[in-house]
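Structure first, commentary second.
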Amino acid sequence: MFKRMFIVFEGIDGSGKTTQAKLLTKKLNAFYTCEPTEGQIGRLIREILKGKKKCEKETLALLFAADRVEHVKLIEEKLKESHVVCDRYLYSSIAYQTSQGVDEDFILQINRFAKKPDIVVLLTVDVEEGMKRLGKEKEIFEKEEFLKKVQNKYLKLAKKEGFIVIDTTNKSINESHEEILKIIKSKLWGLSNMSIGE
Ligand SMILES: Nc1ncnc2c1ncn2[C@@H]1O[C@H](COP(=O)(O)OP(=O)(O)O)[C@@H](O)[C@H]1O
Ligand SMILES: Cc1cn([C@H]2C[C@H](O)[C@@H](COP(=O)(O)OP(=O)(O)O)O2)c(=O)[nH]c1=O
């Protein structure tokens, strides 16, 4: 019986997370999920992110952590039957909320129930290229400065936690997918001595 893997994709807006997560999901016949979730707390978070509701930055960190407590239950359920690919997770909280000025220890404390992933893939992208991909070339300067800060935090986390880091700036969607697949296959083979369906 081989171990089913909990694989997380992280990265700033426009790095290609959702695209790559869905391609890998298909390849692995995995269960795809994302944060914020489609659950009641995830929906409240999306209202706040759209600016329809206001809250303190610490409240937002708590909401993401609460959404994640419920989400981990679903992930553990799904791991009983397939690999799970998750588009954004705990490391988005650390990278984004610390960049908004929230204390990192506070974020780690409120996320102490978060299951550790087997593999984390960090996608990096030149911020301007990421904005271009999202059709936000005219994004306000502050947003670009903020995303640069977030990406730097991600890279520090990647070094500390041993993430797979793929820069997608000058790669096509397919080139990025092939590179990710090669690394994931070697890790899956190494960790569970099983081959994945083509
Ligand atoms: N390597 C790439 N090169 C060019 N465009 C890309 C690449 N990866 C994704 N895109 C495009 O960029 C946009 C954002 O991709 P998406 O996967 O939603 O990014 P994220 O989830 O990281 O915000 C989409 O239109 C997608 O087709
Ligand atoms: C999961 C998570 C996301 N976020 C932010 C990152 C994104 O800007 C936003 C999620 O928006 P989303 O609609 O998922 O877009 P994206 O494709 O960029 O993921 O929420 C946090 O600040 N903390 C978190 O813990």
Side-chain angles (χ1 to χ4, degrees), residues 8-26 32-39 41-53 55-72 74-75 85-102 104 106-115 117 120-137 139-140 142-151 153-154 157 165-181:
V8 165
F9 277 81
E10 289 282 4
I12 61 171
D13 313 50
S15 56
K17 282 183 313 312
T18 305
T19 304
Q20 295 304 329
K22 289 188 172 170
L23 285 171
L24 187 68
T25 296
K26 198 156 172 278
Y32 170 86
T33 186
C34 69
E35 294 188 351
T37 71
E38 302 303 325
I41 302 171
R43 285 197 301 275
L44 170 58
I45 292 171
R46 290 184 191 280
E47 293 292 291
I48 294 166
L49 292 177
K50 283 185 202 127
K52 290 186 184 156
K53 292 186 166 72
C55 72
E56 293 301 302
K57 57 186 187 300
E58 285 77 17
T59 309
L60 186 59
L62 285 161
L63 287 172
F64 276 118
D67 190 32
R68 194 161 294 130
V69 170
E70 300 305 316
H71 193 209
V72 164
L74 171 72
I75 290 166
V85 174
C86 183
D87 180 356
R88 286 197 184 288
Y89 187 61
L90 164 62
Y91 310 100
S92 286
S93 278
I94 300 172
Y96 281 81
Q97 272 63 71
T98 60
S99 299
Q100 289 162 350
V102 180
E104 184 161 352
F106 170 70
I107 295 166
L108 293 172
Q109 263 310 311
I110 60 178
N111 280 288
R112 61 185 180 284
F113 300 108
K115 176 184 179 63
V120 179
V121 181
L122 171 63
L123 300 184
T124 59
V125 67
D126 179 88
V127 173
E128 288 72 23
E129 167 64 14
M131 290 293 105
K132 195 151 70 50
R133 289 175 183 174
L134 294 169
K136 298 178 180 172
E137 295 89 314
E139 193 59 46
I140 42 164
E142 293 75 53
K143 170 99 176 179
E144 287 196 7
E145 284 315 296
F146 174 72
L147 289 176
K148 280 180 185 147
K149 210 168 151 191
V150 172
Q151 185 153 265
K153 183 65 182 176
Y154 265 136
L157 278 174
V165 182
I166 309 258
D167 186 336
T168 67
T169 308
N170 300 309
K171 289 188 188 106
S172 71
I173 289 174
N174 201 43
E175 282 165 342
S176 306
H177 173 58
E178 289 307 322
E179 189 173 340
I180 291 164
L181 201 54

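Ligands are counted one by one from 1 in listed order, and the atoms in each one are counted from 1 as well. Values below: all heavy atoms of this structure, side chains included; hydrogens, waters and symmetry mates excluded.
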Contact atoms of ligand 1, heavy-atom distance to T168 under 4.0 Å: 1 (N)
Which of the ligand 1 atoms, numbered from 1, are nearer than 4.0 Å to a heavy atom of S15: 22 (O)
Sub-4.0 Å atoms of ligand 1 with respect to non-hydrogen atoms of T18: 17 (O), 18 (O), 21 (O)
For L49, the ligand 2 atoms whose distance to one of its heavy atoms is below 4.0 Å: 9 (C), 20 (O)
Donor-acceptor pair between S172 and N174 side chains, under 3.5 angstrom: no
Nearest non-hydrogen protein atom, atom 16 (P) of ligand 1: T19 OG1, 3.6 Å
Heavy-atom proximity to atom 25 (O) of ligand 1, best of K17, R133, E175: R133
Contact (N/O only, under 3.5 Å) between G14 and ligand 1: yes
Where ligand 2 meets S93 - atom numbers and elements under 4.0 angstrom, heavy-atom basis: 23 (N), 24 (C), 25 (O)
Side chain, backbone, both or neither: I12 near ligand 1, heavy atoms under 4.0 Å: backbone
S92 neighbourhood, listing ligand 2 atoms whose heavy-atom distance to it stays under 4.0 Å: 1 (C), 2 (C), 3 (C), 23 (N), 24 (C), 25 (O)
Sub-4.0 Å heavy-atom approach of R46 to ligand 2: yes
Close-contact set for ligand 2 against Q97 heavy atoms, below 4.0 Å: 21 (C), 22 (O), 23 (N), 24 (C), 25 (O)
Min N/O separation R68 to ligand 2 under 3.5 Å: yes
Atom 25 (O) of ligand 2 protein-contacted (non-hydrogen atom, under 4.0 angstrom): yes
Taking atom 14 (C) of ligand 1 as the reference point, the nearest protein heavy atom with its distance: L134 CD2, 3.8 Å
Atom 8 (N) of ligand 1: the protein heavy-atom neighbour that sits closest, reported with distance to 0.1 Å: I173 CG1, 3.6 Å
N/O donor-acceptor pair under 3.5 Å between E10 side chain and Y89 backbone: yes
Donor-acceptor side-chain pairing of R133 and T19 below 3.5 angstrom: no
Subset of ligand 1 atoms that lie under 4.0 Å from at least one heavy atom of K171: 1 (N), 2 (C), 3 (N)
